[in-house]
Amino acid sequence: MVLPVFSILILILLTSCPSYQKPAPTVPIPKQIQKEITYSTVTPPWKVWEYEEIKEQEINYIEAFERKGQLEEAFERYQLLEKTTTNQLTKDLALLYKLNVALKLGKSVEVLNELVGYVKEKNIEETKLPSKLMLLAIYSYYHQNKLDQCFAWLNLLAKNTEGINQKMFSTAQKTGRMLVSTLPTDKFQVYKKRWGELSFLIPFFREDEYRRLKDNKPKVNKINWFNSAVYQPTISEEEIKPVESLLEYKDKKISSLPDFTIAAVLPLTGRYKEHGTRVRNGIDLAMEQHFAGTGHIPSVNYIDSAIYDMELTREVKTTDEEGNEVVIIESIQRPELEIPLATKIILGPMDVKANELLVQEPQLQDTPFISFTKKEGIAELAPGCFRLGVTASNQISELVAYATVALGYQSFSVFYPDNETGRELANLFNAYVTAMDGEVVSSNPYKVKNISSMRSAFIKADGNLGEAVFIADAPDDTKSLISNIKKLQPEIVFLGTALWNDKAVISALGSQLEGSIFVTPFYYWSEQARVKDFIQAYIWKYSSKPDILSAQAYDATNLVLNIFADDSSAYHNFFGALKNAKTLHGVTGLLQIYPNREINRRMTVLQVQGGEAHEVMTSGKRLR
């Protein structure tokens with residue numbers, strides 16, 4: 001009985017569908033330099049949480065001194081409260097407000113040393129600082145004119161808060177733009193080379209590079225938060241006491257990744273070369289961004305899977321004993337894959353045939369690999385096989401979850417092409433709807449691209465369409481069916497798979513598809529910051545648009561690199577580390593590794609509104 005499994009999967013989907021404020025998009029590469037941004041309006045750190053803290057009475061009392069400008073008095077009182085209180089909330093707030101005051105006084109070194117003490121006391125990694133303390137660290141380094149540390153910590157803050165704390169993420173964006181725009185002219189390219197390929201910082205460097213082509217000068221720094229509102233842009237080296245190195249952000253685990261830790265089995269020649277190239281592009285881009293500023297980008301060992309496509313026999317002309325010419329069939333042995341012993345993980349292959357042959361390679365029995373095939377159950381072929389592909393169940397589960405929970409639909413009809421793919425989609429849709437206590441009121445097959453057959457299916461349904469109609473086919477191939485249904489029920493809502501992600505077709509069919517809902521693993525016109533950053537970086541590097549193949553490879557590479565960064569034992573047991581990998585907020589959705597080694601994907605749901613598709617849910621979070 002499979003329905004309980006579907007029920008569990010749907011429950012997993014539903015638990016992550018709360019209302020959600022859409023992150024503000026990062027700045028795209030401008031076609032024309034936009035109006036000047038007034039950087040004096042960048043929010044001071046303490047303003048970010050000024051009205052949101054649950055303040056104790058003692059905090060409110062001391063804050064009155066701060067408002068009167070008695071900063072030294074306020075600092076001492078916050079410090080005393082921090083040391084004497086037994087309430088942990090009050091203690092943490094006292095530390096936060098004490099460091100606020102210290103930064104206003106220009107005591108940036110003291111702030112950083114306090115943060116070092118906090119890290120030691122809490123026994124946490126410095127990169128796990130709460131976001132508010134991290135923001136204070138950024139501006140403490142800024143006060144000291146240590147811009148490399150500013151960029152490093154700012155990028156980390158953005159990663160930790162995107163999609164989680166919109167106010168803090170927005171502050172990180174404004175601060176990043178300010179830092180880049182005020183870089184001295186002679187230092188701009190230096191910092192761009194070090195930090196300009198990190199996904200969060202890419203838009204700011206590119207935006208300002210275009211602006212500087214116009215006037216070739218940095219913006220004037222107008223920040224006046226430090227030293228009792230009299231900002232001094234730099235402090236002389238003699239005035240700066242050395243800060244303990246613990247808070248110097250250096251990702252040593254990442255920078256020490258050895259060459260050939262990662263291999264990729266892709267079609268680099270032959271009929272699928274173009275597909276393999278797109279995947280390779282996504283991998284290379286992720287590697288470059290991840291290792292930006294380290295001085296060394298580890299090599300990925302690329303292996304051509306075209307050997308799996310080669311014919312294992314050939315015709316050879318020869319002569320028999322009587323001198324007659326004959327043709328014999330000669331066997332050819334397929335060459336073995338050459339995978340370095342240092343390989344910890346393999347990305348690929350892409351097709352089912354190569355996947356099935358890869359698991360038979362004797363030297364790879366202990367090496368896990370992430371297959372990009374779409375076939376369900378492929379991970380069962382070998383204990384080291386993990387599968388990341390756009391499966392039918394991923395699409396249908398997401399579609400049904402949104403239709404039943406977000407929209408409240410309970411009755412559906414299905415129209416599907418009578419072939420293997422169509423039947424699979426129809427059966428999955430029926431199973432997921434049943435698991436949600438819904439009902440499929442009619443299920444109607446038709447011959448592929450056969451208008452007469454589609455009309456017969458429509459007539460057979462006899463108007464029994466329910467609240468929404470799932471069409472397991474591309475809208476361009478089912479225009480006549482869509483038109484007939486719309487004539488009968490103008491307000492009906494269509495549901496579709498990733499085949500519906502065609503901007504030109506949506507525009508051409510116009511009102512016929514208004515209100516339609518469909519899913520896609522990669523939406524090129526997304527308003528999500530991480531997707532826009534990826535697209536901009538890809539176009540900048542390759543002068544071409546990314547697709548699902550390059551986007552999926554980009555996500556898979558980041559998933560792997562994050563494991564090496566987070567788990568020091570990964571080199572010794574990468575299979576175990578991969579099974580327990582953290583959820584990844586990728587450009588193709590929310591990726592989570594299940595116990596059966598299937599990498600589940602929460603993908604994007606779109607709805608046609610005003611003749612255009614708009615995101616209504618991404619990575620399991622509703623946007624509208």
Side-chain angles (χ1 to χ4, degrees), residues 1-7 9-10 13-14 376 391-501 505-506 509 511-519 605-608 616:
M1 187 69 179
V2 296
L3 292 185
V5 176
F6 286 110
S7 301
L9 291 176
I10 289 292
L13 293 173
L14 302 185
E376 302 274 6
T391 65
S393 58
N394 263 176
Q395 296 182 64
I396 300 303
S397 63
E398 200 76 71
L399 190 65
V400 171
Y402 189 81
T404 56
V405 179
L407 303 182
Y409 295 153
Q410 286 298 298
S411 61
F412 306 86
S413 59
V414 178
F415 290 84
Y416 63 96
D418 194 7
N419 57 21
E420 183 179 355
T421 300
R423 290 188 292 272
E424 178 188 21
L425 290 170
N427 290 337
L428 283 169
F429 188 86
N430 183 75
Y432 275 112
V433 166
T434 303
M436 293 303 296
D437 295 326
E439 180 184 10
V440 174
V441 295
S442 68
S443 188
N444 311 286
Y446 57 83
K447 294 179 181 179
V448 179
K449 296 185 179 181
N450 187 312
I451 295 177
S452 176
S453 180
M454 290 180 196
R455 178 167 180 78
S456 297
F458 170 71
I459 294 172
K460 182 181 177 182
D462 195 25
N464 199 16
L465 301 177
E467 298 167 279
V469 176
F470 172 54
I471 298 181
D473 204 347
D476 196 35
D477 292 333
T478 53
K479 288 183 286 190
S480 63
L481 176 61
I482 290 171
S483 177
N484 284 331
I485 294 173
K486 271 290 185 180
K487 287 177 183 177
L488 182 65
Q489 291 191 28
E491 301 304 318
I492 199 75
V493 171
F494 293 111
L495 307 178
T497 66
L499 292 172
W500 287 53
N501 185 20
V505 171
I506 291 172
L509 292 180
S511 61
Q512 295 283 317
L513 299 186
E514 189 67 20
S516 298
I517 295 161
F518 61 95
V519 295
V605 181
L606 300 116
Q607 185 167 29
V608 179
V616 291

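Heavy-atom basis, side chains included; hydrogens, waters and symmetry copies ignored. Since we're looking at a predicted model, the values are computed, not measured.
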Would you find a donor on one side and an acceptor on the other, under 3.5 Å apart, between the side chain of [X] and the backbone of [Y]?
{"X": "Asn444", "Y": "Val414", "answer": "yes"}
{"X": "Gln607", "Y": "Ser516", "answer": "no"}
{"X": "Asn464", "Y": "Val441", "answer": "yes"}
{"X": "Gln512", "Y": "Lys486", "answer": "no"}
{"X": "Ser411", "Y": "Glu439", "answer": "no"}
{"X": "Thr434", "Y": "Asn430", "answer": "yes"}
{"X": "Thr391", "Y": "Asn394", "answer": "yes"}

Say you draw a straight line from [atom1] of [X] to [atom2] of [Y]; how long is it, rounded to the nearest 0.5 Å?
{"X": "Phe458", "Y": "Thr478", "atom1": "CZ", "atom2": "OG1", "answer": "13.5 Å"}
{"X": "Lys460", "Y": "Ser453", "atom1": "NZ", "atom2": "OG", "answer": "10.0 Å"}
{"X": "Ile471", "Y": "Leu481", "atom1": "CD1", "atom2": "CG", "answer": "4.5 Å"}

Side chains of [X] and [Y]: closer than 4.5 Å at any heavy-atom pair?
{"X": "Phe518", "Y": "Ile506", "result": "yes"}
{"X": "Asp418", "Y": "Arg423", "result": "yes"}
{"X": "Val400", "Y": "Phe412", "result": "no"}
{"X": "Leu407", "Y": "Tyr402", "result": "yes"}
{"X": "Val440", "Y": "Phe429", "result": "yes"}
{"X": "Leu399", "Y": "Thr497", "result": "no"}
{"X": "Leu488", "Y": "Asn484", "result": "no"}
{"X": "Val433", "Y": "Phe470", "result": "no"}

If you draw a 6.0 Å radius around CD1 in Ile451, do more than 12 non-hydrogen atoms from other residues or ligands fall strictly inside?
no

For [X] versus [Y], what's the shortest heavy-atom pair and its separation?
{"X": "Val493", "Y": "Gly515", "result": "CG1-O, 3.4 Å"}
{"X": "Ser393", "Y": "Leu428", "result": "N-CD1, 3.7 Å"}
{"X": "Ala472", "Y": "Gly422", "result": "CB-O, 4.5 Å"}
{"X": "Gln489", "Y": "Gly463", "result": "NE2-O, 3.7 Å"}
{"X": "Leu465", "Y": "Ser413", "result": "O-OG, 2.9 Å"}
{"X": "Met454", "Y": "Asp477", "result": "CE-O, 3.0 Å"}

Run the side-chain contact (heavy atoms from CB on, under 4.5 Å) test on Asp473 and Phe415 for me, step by step, so that the C-alpha distance in whole Å, both residues' side-chain angles and the decisive distance to 0.1 Å come before the verdict.
CA-CA 8 Å; Asp473 204 347; Phe415 290 84; over 6 Å; no

As a quick check of understanding, evaluate side-chain contact (heavy atoms from CB on, under 4.5 Å) for Tyr416 and Leu425, giving each step before the final call.
CA-CA 8 Å; Tyr416 63 96; Leu425 290 170; over 6 Å; no

Using 30° and 60° as the class limits, which term best fits the ring planes of Phe494 and Trp500: parallel, tilted or perpendicular?
tilted

Going by atom types only, do Asn419 and Thr421 share a side-chain donor-acceptor pair under 3.5 Å?
no

